[in-house]
Amino acid sequence: MFKKILIANRGEIACRVIKTARKMGIATVAIYSDADRNALHVQMADEAVHIGPPPANQSYIVIDKVMDAVRQSGAEAVHPGYGFLSENSKFAQALEAEGVAFVGPPKRAIEAMGDKITSKKLAQEASVSTVPGYMGLIADADEAVKISNQIGYPVMIKASAGGGGKGMRIAWDDAEARQGFQSSKNEAASSFGDDRIFIEKFITQPRHIEIQVLADQHGNAVYLGERECSIQRRNQKVIEEAPSPFLDDVTRKAMGEQAVALAQAVGYTSAGTVEFIVDGGRNFYFLEMNTRLQVEHPVTELITGVDLVEQMIRVANGEKLTIAQKDVKLNGWAMESRLYAEDPYRGFLPSIGRLSRYRPPLEVATQSHVVRNDTGVYEGGEISMYYDPMIAKLCTWGPNRAEAIENMRVALDAFEVEGIGHNLPFLSAVMDHPRFVSGDITTAFIEEEYPDGFDGVELSEKQIRRVAAAAAAMYRVTEIRRTRVSGRMDNHERKVGSDWVVEAQGHHLPVTIEADKLGATVVFDDGGKHRVESKWVPGDSLAVLDVDATPLVMKVGKIPNGFRLRLRGADVRVYIRSPRQAELAALMPQKVAPDTSKLLLCPMPGLIVKVDVEIGQEVQEGQALCTVEAMKMENILRAERKSVVSKINAGPGDSLAVDEVIMEFE
Ligand code: ADP
Ligand code: ADP
Ligand code: MG
């Protein structure tokens with residue numbers, strides 16, 4: 001076995017690989033840019049080599065620099081993680097030339113599968129079902145329109161070199177095909193340095209279901225079941241699960257066998273993923289093969305018990321697979337939530353900054369319950385603009401889908417992240433969404449269920465009462481503390497009183513609290529009762545309570561006369577007042593939020609690349625106003641309603657902060 005391996009990556013995946021290497025007794029080498037000097041992967045590795053300035057194209061993806069680090073450290077093998085150089089055949093070649101093992105497939109397989117056009121042709125030759133479309137290169141927007149008409153709308157315009165959901169647009173008509181061709185081409189050029197575009201049929205009611213394959217250098221290959229990754233925004237995965245609630249055994253076997261056939265046709269070795277798009281009739285079509293460890297590989301590990309990183313390292317070391325197809329058993333259900341530094345309330349746009357708080361839930365591993373968190377950050381660390389905005393991958397396992405979901409809900413409620421915008425509330429909302437819970441999902445789930453974006457969650461009446469009971473009991477404890485500190489009365493409990501009015505989400509709920517040594521019974525004026533028990537003390541930012549013997553976990557912030565509570569995707573201000581205070585509060589005028597409806601605010605820190613309108617111009621709802629680039633994504637900002645532009649405050653090349661006013665309307 002190798003004595004030392006270098007991980008040519010950063011973030012959670014570098015940490016993930018280090019964990020398995022350590023378990024196998026292999027020493028690890030991290031590489032890092034200036035921005036990652038204090039990163040977790042650097043702290044975790046046995047040694048670390050600095051490789052340059054923050055931008056990836058001056059550090060992590062510069063083959064010469066990574067090769068220098070390999071030589072300097074004397075590593076015998078390199079694990080590339082995902083992204084960066086993981087699917088770069090020149091890198092695999094450079095390693096081979098120096099006799100260093102690449103923990104991944106042979107360079108021929110990377111080349112064959114790395115390009116979407118080439119791989120589609122190869123898949124067809126291996127009798128794998130592919131999406132109908134045009135696989136030649138497309139010269140300009142006119143040709144794109146012509147081809148789209150031949151295929152028939154809707155179509156998917158894709159960058160041949162694409163990945164990570166970038167360089168991809170759906171078009172429903174000629175105008176969209178024209179615009180989509182141009183945006184895909186620009187995005188492909190800036191993200192991949194390769195602007196070749198192709199077009200295929202857009203599969204309707206699509207579900208993204210992919211097969212994990214594993215092959216050795218001795219001709220053995222197996223498939224380790226599927227993962228469903230249909231919950232996507234901007235064609236990028238957010239929530240994944242294994243198995244898929246949509247597949248039956250026959251379809252699973254057919255997809256698995258085609259995936260293995262494709263792997264064998266290209267002489268594949270190591271772990272790889274064959275992605276399919278599956279329509280409502282369970283017809284499946286090959287999308288692409290990812291010749292690397294996939295982001296969402298943990299869900300497969302959780303249901304198969306196979307450590308994929310360990311298998312990759314063993315295969316790279318020339319060992320034979322010890323797993324035969326008949327040994328692969330799928331056990332229970334696993335969910336993964338990708339925690340992104342992006343603001344769900346602002347169209348999921350990236351957010352950067354310091355993690356003033358980062359407290360993941362405790363990892364658990366029992367017979368009936370698993371919580372696993374793969375992360376590359378720590379409290380106090382910085383989320384920079386240079387890399388992927390993924391902060392962590394929270395995975396849960398349960399004996400069935402319902403329990404895996406329930407475990408995820410509780411784990412998300414207990415996950416504390418502050419200091420940056422993040423998608424925790426959105427992930428919680430999806431876990432509670434009846435359509436998600438039913439398993440009736442497609443890749444359009446987010447667009448269809450959140451057409452106007454995500455603006456938080458309203459708790460149900462039943463949830464409000466549980467939260468109100470908990471908040472009242474917590475408030476009483478806070479008040480007892482407060483009067484004790486002021487130290488004037490000796491019977492604080494009596495002074496604090498037992499009658500309260502709880503205000504939450506527009507409800508006014510009079511309650512009486514009967515406290516005892518173990519907790520409190522909160523009685524509502526309609527006779528309803530809730531028993532609340534917990535170890536929460538004022539000042540704790542997380543409350544883990546038992547309400548009627550079922551867990552209630554909330555993030556807690558103190559506000560005057562109450563708490564800001566966050567749970568299940570909701571962010572509620574709960575006020576607890578004495579009956580007299582409540583009467584007075586009812587007479588207070590409501591605060592009105594400032595009117596920003598006549599302003600176009602910059603939704604994220606970014607660079608204005610284009611302004612499409614002029615002062616005095618009338619714009620229609622949905623019309624493009626300007627393009628802002630952030631984290632290599634071009635985002636077109638559109639008019640929310642018909643109006644006239646009265647002022648433009650920024651132009652191409654301007655760097656704007658979040659909420660800066662780009663233009664104003666009459
Ligand atoms: P998965 O299917 O595992 O989610 P993606 O295709 O979304 O894989 O990509 C995984 C990661 O690798 C993402 O963070 C993405 O940004 C990055 N990535 C994928 N392909 C490329 C590429 N060609 N160049 C740079 N980064 C890439
Ligand atoms: P990437 O390399 O960026 O991962 P993929 O080709 O795997 O690109 O596509 C990413 C996602 O886009 C898929 O998971 C799917 O949701 C959607 N998609 C891609 N091609 C099609 C298609 N022809 N029809 C419908 N959806 C598609
Ligand atoms: Mg893909």
Side-chain angles (χ1 to χ4, degrees), residues 82-84 86-88 110 113-124 128-135 147-148 151-172 176-177 180 183-184 187-188 190-192 194 196-213 226-241 244 246 255 259 262 272-281 283-297 336 338 388 390 441-448 632-633:
Y82 54 72
F84 293 153
S86 62
E87 294 178 280
N88 187 312
I110 302 177
M113 293 291 113
D115 189 78
K116 287 188 206 274
I117 296 179
T118 316
S119 70
K120 231 179 123 169
K121 288 181 180 158
L122 279 163
Q124 273 181 347
V128 174
S129 146
T130 58
V131 186
Y134 178 79
M135 288 185 286
I147 289 164
S148 301
I151 297 171
Y153 291 105
V155 297
M156 191 84 175
I157 301 167
K158 285 188 179 181
S160 193
K166 288 182 185 135
M168 187 179 296
R169 295 287 186 283
I170 305 173
W172 295 83
E176 287 184 2
S183 324
S184 288
E187 217 168 277
S190 78
S191 296
F192 313 114
D194 175 345
R196 286 172 305 130
I197 299 296
F198 70 106
I199 303 184
E200 63 187 22
K201 183 87 188 154
F202 178 73
I203 304 296
T204 48
Q205 291 209 298
R207 300 176 74 123
H208 176 115
I209 302 179
E210 59 187 31
I211 303 287
Q212 176 70 53
V213 296
E226 78 281 9
R227 293 180 285 259
E228 171 144 14
C229 320
S230 295
I231 307 298
Q232 309 184 339
R233 48 107 194 74
R234 295 195 296 256
N235 296 311
Q236 207 173 14
K237 302 159 185 169
V238 188
I239 293 171
E240 301 100 336
E241 62 186 295
S244 158
F246 193 55
M255 290 173 73
L262 178 62
T273 296
V274 180
E275 297 190 329
F276 291 95
I277 195 101
V278 183
D279 71 14
N283 301 301
F284 57 89
Y285 307 94
F286 168 77
L287 272 184
E288 63 162 344
M289 180 168 188
N290 293 330
T291 55
R292 54 167 162 85
L293 185 64
Q294 195 90 334
V295 174
E296 58 277 16
H297 74 279
E336 173 177 281
R338 296 193 190 187
D388 205 272
M390 195 170 73
I441 51 179
T442 71
T443 58
F445 175 87
I446 294 178
E447 274 159 54
E448 285 170 8
K632 291 197 172 161
M633 285 280 291

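Indexing begins at 1, ligand by ligand and atom by atom, following the structure's order. Predicted model only: the values in this text are computed from it and were never measured.
For the pair E200 and K120, the salt-bridge criterion is met [side-chain N within less than 4.0 Å of a carboxylate O]. Ion pairing between E87 and R292 holds under the 4.0 Å rule for side-chain N and carboxylate O. K237 and E210 are joined by a salt bridge, as a carboxylate oxygen and a charged side-chain nitrogen come within less than 4.0 angstrom of each other. The residues E288 and K116 are annotated as salt-bridged, a charged nitrogen and a carboxylate oxygen being separated by less than 4.0 angstrom.
Under the 4.0 angstrom criterion for non-hydrogen atoms, K116 is in contact with ligand 2. Taking a 4.0 Å cut-off on heavy atoms, K158 registers as neighbouring ligand 2.
Listed here is the closest heavy atom pair of F246 and V278: CE2-CG1, 3.9 Å. The shortest non-hydrogen separation linking A123 to L262 is CA-CD1, 3.8 Å.
Set against the non-hydrogen atoms of H208, the atoms of ligand 2 under 4.0 Å away are 13 (C), 14 (O). Proximity to L287 (heavy-atom distance under 4.0 Å) selects the following atoms of ligand 2: 7 (O), 13 (C), 19 (C), 20 (N), 21 (C). Listed by number with element, the atoms of ligand 2 under 4.0 Å from a non-hydrogen atom of T443 are 16 (O). Close approach of ligand 2 to E288 (heavy-atom distance below 4.0 Å) involves ligand atoms 1 (P), 2 (O), 4 (O), 5 (P), 7 (O), 8 (O).
Between E275 atom OE1 and E288 atom OE2, the angle centred on the Mg ion (ligand 3) amounts to 80° (nearest 10°).
Both the backbone and the side chain of I203 come within contact range of ligand 2, each with a heavy atom under 4.0 Å. The side chain of Q232, and not its backbone, has at least one atom closer than 4.0 Å to an atom of ligand 2 (non-hydrogen atoms only; side chain from C-beta on). Only the side chain of I277 comes within contact range of ligand 2, with a heavy atom under 4.0 Å; no backbone atom does.
For the 3.5 Å distance criterion, the side chains of E240 and Q294 fail to qualify, holding no donor opposite an acceptor.
Inclusion of M156 in the set of residues having an N or O under 3.5 Å from an N or O of ligand 2 is not warranted.
Residue E448 qualifies as enclosed at atom CD: its count of foreign heavy atoms under 6.0 Å is above 12.
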